Amino acid sequence: MLLSAAKMQTTNTRKICVVGLGYVGLPLAVALGQKQEVFGFDISTARISELKNNFDSRGETSAEDIKKARLVLDSDPNIIRQADFIIVAVPTPIDKNNQPDITLLLQACRLVGQNMQPGAIVVYESTVYPGCTERDCVPILAQESRLQYIKDFKVGYSPERINPGDKLHTVDKIVKIVSACDQESLKIITAVYGMIIRAGLHQAPSIIVAEAAKIIENTQRDINIALMNELKMIFDKASIDWQEVIAAASTKWNFMPFTPGLVGGHCIGVDPYYLAAEAKRLGHDPEVILSGRKINDQMAIYEAQRLLKYMQTKGVPANARLLILGGTFKPNVADTRNSKVADVIGILKKQGYQVNICEPFVNDNLFDCVNVSPEKIKDYAFVIKAVRHDIFKDIKADYEIIYN
Ligand SMILES: NC(=O)c1ccc[n+]([C@@H]2O[C@H](COP(=O)([O-])OP(=O)(O)OC[C@H]3O[C@@H](n4cnc5c(N)ncnc54)[C@H](O)[C@@H]3O)[C@@H](O)[C@H]2O)c1
C-alpha cells in the first residue's frame, strides 16, 4: 500500500540513531537531523572526525546541510544507548568468490545488540538477500542484548534507493518501502520515515518481501545492461552502430532503451550475487542472473581489447603515455568501488603503456596511476574517456569507452 505524504501520520516520539554514516547513512541522518536530534555512530574514527568538521569526503552532502542537521556523532558504540530507534546502513559487499560477505553487517548487529534498550526498534537499510534480517541479524541482536524478539525489541527493513551523484532523486523524493515484524512497529517506522520522505511510503506486507524487492530492482537493471552488452558485442562484429540501433528500436512504445556499459560500484554489480546465493541455498540454479553477471564482469576486458586494436590501427606506439579521463564507477561521483576502469588500466599497463589518470572527484593516486589535474590533459598524445563526468563534457577524447 502506498501512503502519500499527505496521508502519513508523522508524529514521532522515538530517539533515532543511524549506524554507518556512508553514502546511505549520512544523507538519511542529515535529513532526519533537520527534524530532530539524531545520534550517529560509525566505526571509523576518521569518518566521525571529518563529519564533525562538516566535511563529507564522499562528496554527497554539503557542509551547510551537515551543519544544519542536529547530529550527535561518535565512534563509540555506547552512543547507540541514547536511542530507541536504530537504523543500520553498513556495507554488504561480496568476497573474492562473489559470495555475500555480511561480516560488517553482523558486526554492526553485535554492537547494536550490546547497546540497545528494551523497547528498541532496529531498522535495516543495508541491501541483503531475502531472509537475511530475520534469519541472520535478529538472532545476534537477541543473543547480544539478552532480549526477546517481538516481545522486547522489534525489527524492520527499509531498503535504500538513493542514487549517489543524482541531485534530483534525493532521499526525500524517492518512494520508500517500509516493512516490520508487526503492525505496531510498522506504524512507528512509517511515522519516523514519514517525517522526511515527501514522495510517499510503500508498506510491504513483510520484511522478506521488502528485502526481495530491493534485490530484484538491482538484479533487473544488471540483466538489462547485460543484454545490451551482449547485443553490442554482436553489433560490433557486424560493424553496426549500436547507438543507431537503440535510437531506431526506441521508437517502439514498449522498447526499454537501456545502454551497454561497464557495471561497477557497490550495488548493481554486487546485489545479484546476493540473490544468486539465496537461490542456490533454496536449490535453484540462477542461470539468467549469473549469465548477466558474467557478461557484465567481462565487459571491461572486451572493451580494453577493442581499445588496444583501435590504438594499433592509429599507430599509437606501445610505450606511449596514455591519459584516462575518469576512474570512478559512474559519472559525477567520487566512488571507485568495483570500478571497471581499473580493469581496463590493468590491461593497458600489461601491454606496456604508461597510463595516467585524470579523476578530479578523487584526491589520491588512483589504481597506482598518477592522478593529473584537468589542465594537464593537453600534454598527452592519446586521451581515453572512461567516465562521462559533466566536467569532461567539452573535452574531445581520442577514444571513448562505453558507459551507462
Ligand atoms: N551507495 C549506494 O548507492 C547504495 C544505495 C542503496 C543501498 N545501498 C546499500 O546500503 C548499504 C551501505 O552502503 P554505503 O554505500 O552507504 O556504504 P559506505 O561504505 O559508503 O558506508 C558505510 C559506513 O558504515 C561504516 N561501518 C562499517 N561497519 C560498521 C559497523 N559495524 N558499525 C558502524 N559503522 C560501520 C563504515 O565506516 C562506513 O562509513 C549497503 O548494504 C549498500 O548495498 C547503497
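Quick caveat, the model's predicted, so the values are computed rather than measured. Both backbone and side-chain heavy atoms feed into the values below; hydrogens, waters and symmetry mates do not.
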So CD1 of I289 and CG of L275: to nearest 0.5 Å the spacing works out to 4.0 Å

Test log, rule side chain to side chain contact (heavy atoms under 4.5 Å, CB included), inputs T190 and L186 | CA-CA 6 Å; T190 302; L186 183 61; 4.2 Å; yes

With the threshold set at 4.0 Å, does a side-chain nitrogen-carboxylate oxygen contact exist between D65 and K68?
-> yes

Within a strict 4.5 Å, meaning less than it, do heavy atoms of the L141 and F153 side chains meet?
-> yes

Inter-residue atom distance S126.OG - Y157.OH, 0.5 Å rounding | 7.0 Å

Any side-chain donor near an acceptor of the partner, K173 and T170, under 3.5 Å = yes

Pairwise side-chain contact, I174 with I162, heavy-atom cut-off 4.5 Å (strictly under) | yes

Given side chains that start at C-beta, do those of V19 and I86 come closer than 4.5 Å, heavy atoms only?
-> yes

side-chain hydrogen bond (donor to acceptor under 3.5 Å, both in side chains) with E134: which residues, sequence neighbours excluded?
-> Y149

Is there side-chain contact between K176 and E125, with heavy atoms separated by less than 4.5 Å?
-> yes

Looking just at side-chain N and O atoms, do S145 and Q114 make a donor-acceptor pair shorter than 3.5 Å?
-> no

Determine, for K154 against D182, whether the closest basic-nitrogen to carboxylate-oxygen distance falls under 4.0 angstrom.
-> yes

Indicate whether the side chain of Q36 and that of N12 have a donor and an acceptor atom separated by less than 3.5 Å.
-> yes

Neighbour count >12 (heavy atoms, 6.0 Å) for atom NZ, K15 | no

Atom pairs and distances, donor-acceptor, side-chain atoms in residues 359-369, under 3.5 Å, two or more places apart:
unit_1, atom_1, unit_2, atom_2, d
E359, OE1, G327, N, 2.7
E359, OE1, T328, N, 3.3
E359, OE1, H389, NE2, 2.9
E359, OE2, F361, N, 2.9
E359, OE2, H389, NE2, 3.1

Charged N-O contact under 4.0 Å between E303 and K232 = yes

Rounded distance (nearest 0.5 Å) linking atom CG of N115 with atom CZ of R81 | 4.5 Å

Under the 3.5 angstrom rule, does the side chain of S158 hit a backbone N or O of I177 as a donor-acceptor pair?
-> yes

Side-chain donor/acceptor of D42 to backbone N/O of L21, under 3.5 Å = yes

By ring pair (Phe, Tyr, Trp, His ring centres under 6.0 Å) - contacts of Y399 (at least two apart) | Y310

Would Y380 and N356 count as having a side-chain donor-acceptor pair, cut-off 3.5 Å?
-> yes

Is a donor on one side and an acceptor on the other found under 3.5 Å between the side chain of N97 and the backbone of Q99?
-> no

Under 3.5 Å, is there a donor-acceptor pair between the side chain of N229 and the main chain of G261?
-> yes

Should F39 and D74 be marked as a side chain to side chain contact (heavy atoms under 4.5 Å, CB included) after you check the CA-CA gap, both sets of side-chain angles, and the distance that decides it?
-> CA-CA 8 Å; F39 301 97; D74 215 309; over 6 Å; no

So how far is it from S206 OG to E211 CD, rounded to the nearest 0.5 Å?
-> 8.0 Å

For P100, which residues count as a side chain to side chain contact (heavy atoms under 4.5 Å, CB included) partner, sequence neighbours excluded?
-> Y129, Y274, A277

Contacts of type side-chain hydrogen bond (donor to acceptor under 3.5 Å, both in side chains), residue E37, not counting sequence neighbours = none

Any side-chain heavy-atom pair from V387 and F329 closer than 4.5 angstrom?
-> no

Listed partners of K252 passing side chain to side chain contact (heavy atoms under 4.5 Å, CB included), at least two apart = N254, F255

Does the N53 side chain pair with the main chain of S49, one donor and one acceptor, at a distance under 3.5 Å?
-> yes

Sub-3.5 Å donor-acceptor pair from the side chain of Q354 to the main-chain atoms of L322, do we have one?
-> no

Any donor and acceptor pair, going by atom type alone, linking the side chain of K314 with main-chain N or O of K309 inside 3.5 Å?
-> no

Would you mind reporting whether F41 and V18 have side-chain heavy atoms less than 4.5 Å apart?
-> no

Exercise: do E64 and S62 side chains pair donor with acceptor under 3.5 Å | no

From R306 atom CZ to I401 atom CD1, the distance as rounded to the nearest 0.5 Å | 11.0 Å

Using atom types as modelled and distance alone, determine if a side-chain donor or acceptor of N296 lies under 3.5 Å from a backbone N or O of D222.
-> yes

For residues V155 and Y124, determine if any side-chain heavy atom of one lies less than 4.5 Å from a side-chain heavy atom of the other.
-> yes

Could you tell me whether D56 and R47 make a salt bridge, using a distance below 4.0 angstrom between a side-chain N and a carboxylate O?
-> yes

Using atom types as modelled and distance alone, determine if a side-chain donor or acceptor of R337 lies under 3.5 Å from a backbone N or O of G265.
-> no

Let me see the working for R70 and Q34 under side chain to side chain contact (heavy atoms under 4.5 Å, CB included), right down to the final yes or no.
-> CA-CA 6 Å; R70 279 189 283 152; Q34 313 289 339; over 6 Å; no

Cationic N near anionic O, under 4.0 Å, D335 to R58 | no

Verify the distance criterion only: is there a donor paired with an acceptor across the side chains of S179 and Q203 at less than 3.5 Å?
-> no

Please determine if E278 and R281 form a salt bridge, counting it only when a charged side-chain N lies under 4.0 Å from a carboxylate O.
-> yes

Step by step, work out the side chain to side chain contact (heavy atoms under 4.5 Å, CB included) result for D343 and I301.
-> CA-CA 7 Å; D343 297 0; I301 300 171; 5.6 Å; no

How far does CD1 of I324 sit from CG of L348, to the nearest 0.5 angstrom?
-> 5.5 Å

Could you tell me whether the side chain of V171 reaches within less than 4.5 Å of the side chain of L28, counting heavy atoms only?
-> yes

